[in-house]
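Down below is the structure, laid out as structure tokens.
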Amino acid sequence: MTETAQENAGVRTVNNFLREQIAEDVRNKTYGDAPIQTRFPPEPNGYLHIGHAKAICLDFGLADEVGGKTNLRFDDTNPEKEETEYVESIQKDVRWLGFDWEKLCYASDYFGQLYEWALQLIRAGQAYVDDLSAEEIRQYRGTLTEPGKDSPYRNRSVEENLDLFTRMKGGEFPDGSRVLRAKIDMGSPNLNLRDPVMYRILHATHHRTGDEWCIYPMYDFAHGQSDSIEHVTHSMCTLEFADHQPLYRWYIEQLGIFPSHQFEFDRLNLTYTMLSKRKLLQLVQENRVSGWDDPRMPTLSGIRRRGFTPEAIRAFCASIGATRTNGTTDIEMLEHFQRDDLNRRASRAMAVLHPLKVVIDNYPEGKEEMVEVQNNPEDASAGTRQVPFSREIYIEQDDFREVPPPKYYRLSPGKEVRLRNAYFVTAKSVVKDATGNVIEVHCTYDPASRGGNSPDGRKVKSTMHWVSAKHAIDAEIRLYDKLFLKPDPYDFPEGGDLFDNLNPNSIEILTGAKLEPSLASAKVEDRFQFERVGYFCLDPDASPGKLVFNRTLPLKDTWAKIEKKAGA
RNA sequence: UGGGCGAUCGUUCAAUGGUAGGACAAUGCCCUUUGGAGGCAUUUAUCCAGGUUCGAAUCCUGGUCGCCCAGCCA
């Protein structure tokens, strides 16, 4: 086992090449005695999602392991897509995940410096103002297989370039009329080196700098230098930026500034999950979901509301590691880590989602008693609570079958089962409605089995949850399923659409659920295991008179599997 | 088609020239006052062909396949 493995609280961290790179640089003192510095650099143009969580865990986690520092930097170089709402949500989400930054930075903090550097490159004859239109630039760029050709404006004098660029900044020219380009190599096999655009004219109001600027640096002209300004030693990004690395280095070398280095790792892909910010925005804008924090969304705000925990997400990220191979992780992996975490920590409660009335005929009418129940069998320190029991209770409709199929252990006529922490009961008869549906089951109970065990040692095959009818509280329960029907949401026929794969039944709202009374005091984000059903948390939509619970995940269901196999 | 990157159980991640291993999933059994949890067991992998070496997943050569790049997005 070569896990670099701090194994704490069940978190198993697998080794990865980024950690090794950092360890090597620390060993070799590549950056002298300066601490390792990383950064998490989101563009504030949307909400963070589970894919970002992987990057966050890497950026913050790897630096932290070696006593390094991490900045949160907003890559806000495109005012047309960025908003303050997003910078706020991003900070909230990073903190929620459990990380805190050394410095809060913005690429826009560096607009002045970047402008000076652009001037420096112009003076060095390494940048020029191009009057070609966007369309012409595209044509001059060539193709994957053919080299590009020089713009007719490529050899303007330094003086003219300085004059034009200054006037670009001064607002003299309309959007799109000119750009500043780096003079590199129009014949390069790497398209990023074919005189990349450094600045474009955008008369747009920036969420931070307002109307101070009407020219904005491109990602490539801002990112490496921002890293450099912050003395970032290890600039980690996803694989699709690998082709940009030569340009990243080119700017840093020409400018002669702090040598930050870029390292690329694989982006997270999950089955049944779509992680395109642009498409996620579309889901929100088209009201296909209730918002960025819809519990079906893969955003951090969505899965937080769904009931996922930062601990589970971090454990998941630690286990998937980082490589340079692009694959797709099974969503079950994430779910596993979430169940594992909640199983250890969530308080248990009894809740009946689809109630069926049970009357215990030999239980004295009007009698009530409290039974003692463990809050968490996995954790004795969680203590116990008292749950009321009485003559009429609710059980799950699924837990009674008039004609039990093979291997069905639950209640059926003549069968004895255990009501969890309460008594053994035996079904005696049923009451049906006009259409023949069972609407009530009559049982007898064994008074000697109080607490759930019979003194004679008699065993039962099944233990079922229940709620006292008289004491039950009502709640709305929201059951969520996958947002997309296919493992690969992009798997749709020619002419089809990503959204054709949307699951029409991704949410089911239950209004008749019956809950044990202790749940009345639940607070938002409190997490519970409704025994035998799943993990749930109180939704922010809940109000004092109205409880609303979200199902985070169902419990694993062996019986469902047996039933499915028998049916197939 | 030019360039870059990659290829290990069904999935994901290890093995850094020396016994191919873990996790998820699946299957079976045990256990259980949650058909949950837990325990045990089982199945399945080094893309192909050559080469170097006592020894290759690892190094070399040649293929094959996959991903990324032709925004004045990031």
Side-chain angles (χ1 to χ4, degrees), chain A residues 1-4 12 14-17 20 41-43 45 75-78 80-82 130 132-134 137-139 141-148 175-181 188-194 196-202 216 218-220 222-223 237-246 264 266 271 277-278 319-337 339-340 343-344 348 350 373-374 377-378 407-410 418-422 451-453 460-465 529-534 554-562:
Chain A
M1 289 257 29
T2 54
E3 286 154 358
T4 350
R12 200 170 304 174
V14 303
N15 200 11
N16 68 60
F17 74 100
E20 288 183 352
E43 182 187 13
N45 67 343
D75 227 330
D76 55 350
T77 55
N78 183 358
E80 293 182 322
K81 291 185 175 176
E82 297 151 7
D130 196 344
L132 253 27
S133 68
I137 285 181
R138 191 167 63 78
Q139 284 166 2
R141 187 159 30 230
T143 67
L144 292 178
T145 52
E146 303 154 19
D175 287 6
S177 58
R178 289 178 224 264
V179 291
L180 182 70
R181 294 230 254 169
S188 173
N190 182 343
L191 298 253
N192 294 116
L193 263 19
R194 317 242 264 230
V197 172
M198 294 163 61
Y199 270 92
R200 75 283 214 187
I201 300 171
L202 241 35
Y216 290 91
M218 298 288 291
Y219 164 85
D220 285 306
H223 202 95
C237 62
T238 44
L239 245 19
E240 65 268 25
F241 290 98
D243 287 344
H244 294 245
Q245 204 190 121
E264 309 90 14
D266 62 317
T271 56
K277 259 200 216 174
R278 199 174 67 84
S319 82
I320 58 174
T323 65
R324 292 178 65 85
T325 77
N326 26 36
T328 302
T329 300
D330 202 322
I331 187 77
E332 303 236 30
M333 189 85 85
L334 208 212
E335 295 178 349
H336 161 77
F337 281 98
R339 288 195 180 97
D340 188 53
N343 177 51
R344 268 196 299 269
R348 311 291 130 123
M350 290 198 286
V373 177
Q374 270 193 297
E378 301 289 317
K407 293 189 181 165
Y408 185 84
Y409 301 152
R410 286 112 97 146
R418 173 188 297 115
L419 295 177
R420 183 135 160 96
N421 294 295
N453 273 314
V460 290
K461 281 284 242 182
S462 182
T463 299
M464 297 173 5
H465 62 285
Q529 184 199 92
F530 289 176
E531 287 198 86
R532 302 209 306 137
V533 179
L555 246 32
K556 286 206 201 166
D557 189 347
T558 306
W559 167 244
K561 212 176 277 181
I562 294 169

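Keep in mind that what you see is a predicted model, and the values were worked out from it rather than measured. Order of the sequence lines fixes the chain letters, A, B, ..., with proteins taken first and strands second; residue numbering starts at 1 for each chain.
No contact: A:Met464 has no heavy atom under 4.0 Å from any strand. The residue A:Pro41 sits apart from the nucleic acid: no heavy atom pair falls under 4.0 Å. Among the atoms of the strands shown, only primed sugar atoms or phosphate atoms (P, OP1, OP2) are found under 4.0 Å from some heavy atom of A:Asp75. Residue A:Gln529 is in base contact, counting any heavy-atom pair closer than 4.0 Å across all strands shown. Within 4.0 Å (heavy atoms only), A:His465 reaches no atom of the nucleic acid at all. Among the atoms of the strands shown, base atoms are found under 4.0 Å from some heavy atom of A:Arg418.
The side chain of A:Arg532 sits closest to B:U34 out of B:A37, B:C72, B:U34. With distances taken from any side-chain atom of A:Arg200 to the nucleotides B:A23, B:U1, B:A74, the minimum falls on B:A74. Closest to the side chain of A:Lys561, from the set B:G35, B:U27, B:G36, is B:U27. With distances taken from any side-chain atom of A:Tyr409 to the nucleotides B:G35, B:G71, B:G36, the minimum falls on B:G35. You'll find that the side chain of A:Glu378 is closest to B:G36, out of B:A74, B:C72, B:G36. Distance from the side chain of A:Phe241 is smallest to B:A74 among B:A74, B:G35, B:A70.
Shortest non-hydrogen contact noted between A:Phe17 and A:Arg324 is CZ-CG, 3.7 Å.
Between A:Leu555 and A:Glu531, the closest side-chain pair of non-hydrogen atoms is not below 4.5 Å. Side chains of A:Pro41 and A:His223 form a contact here, defined as non-hydrogen atoms less than 4.5 Å apart. You'll find the side chain of A:Leu202 reaches within 4.5 Å of the side chain of A:Asn78, heavy atoms only.
For the pair A:Asp220 and A:Glu146, nearest-nucleotide mapping onto RNA chain B gives the more 5' position to A:Glu146. Closest-nucleotide positions on RNA chain B for A:Lys461 and A:Thr145 were compared, and the one nearer the 5' end corresponds to A:Thr145.
Listed by chain and residue number, A:Asp130 satisfy the salt bridge (Lys or Arg N to Asp or Glu O under 4.0 Å) test with A:Arg181 (two or more places apart in sequence, or in another chain).
One interatomic measurement links the two molecules: CG of A:Leu239 to C1' of B:G4, which rounds to 10 Å at whole-angstrom precision. The NE2-C1' distance, from A:His336 to B:G22, rounds to 12 Å in whole Å. Atom-to-atom, CD of A:Glu80 to C1' of B:G71 comes out at 12 Å; the value is rounded to the nearest Å. At whole-Å resolution of the value, CG in A:Leu191 and P in B:G71 are 8 Å apart. Protein atom CD of A:Glu43 is 7 Å distant from nucleotide atom C1' of B:C73, rounded to whole Å. Distance, A:Glu240 CD to B:A74 P: 14 Å, rounded to whole Å.
The aromatic rings of A:Trp559 and A:Tyr408 lie perpendicular to each other, with more than 60° between the two planes, well past the 30° mark.
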Base-pair string, RNA chain B, Watson-Crick plus G-U, cut-off 3.5 Å on both distances, | for inter-strand, is .((((((..((((....[..)))).(((((.......)))))....(((((..]....))))))))))).....

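Evaluation of atom-type donor-acceptor distances gives a pair under 3.5 Å for the side chain of A:Arg410 against the base of B:G35. The base of B:G3 sits with one of its N or O atoms less than 3.5 Å from a complementary donor or acceptor on the side chain of A:Asp243.
Here the separation of B:G66 from B:U53, taken at their P atoms, is 35 Å to the nearest Å.
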Contact letters for nucleotides 6-13 of chain B, in which S counts primed atoms plus P, OP1 and OP2 and B counts the base, heavy atoms under 4.0 Å: SS---SSS

Where do A:Asp340 and A:Arg344 land on the salt bridge (charged side-chain N to carboxylate O under 4.0 Å, His left out) test, with the steps shown first? CA-CA 7 Å; A:Asp340 188 53; A:Arg344 268 196 299 269; 3.4 Å; yes

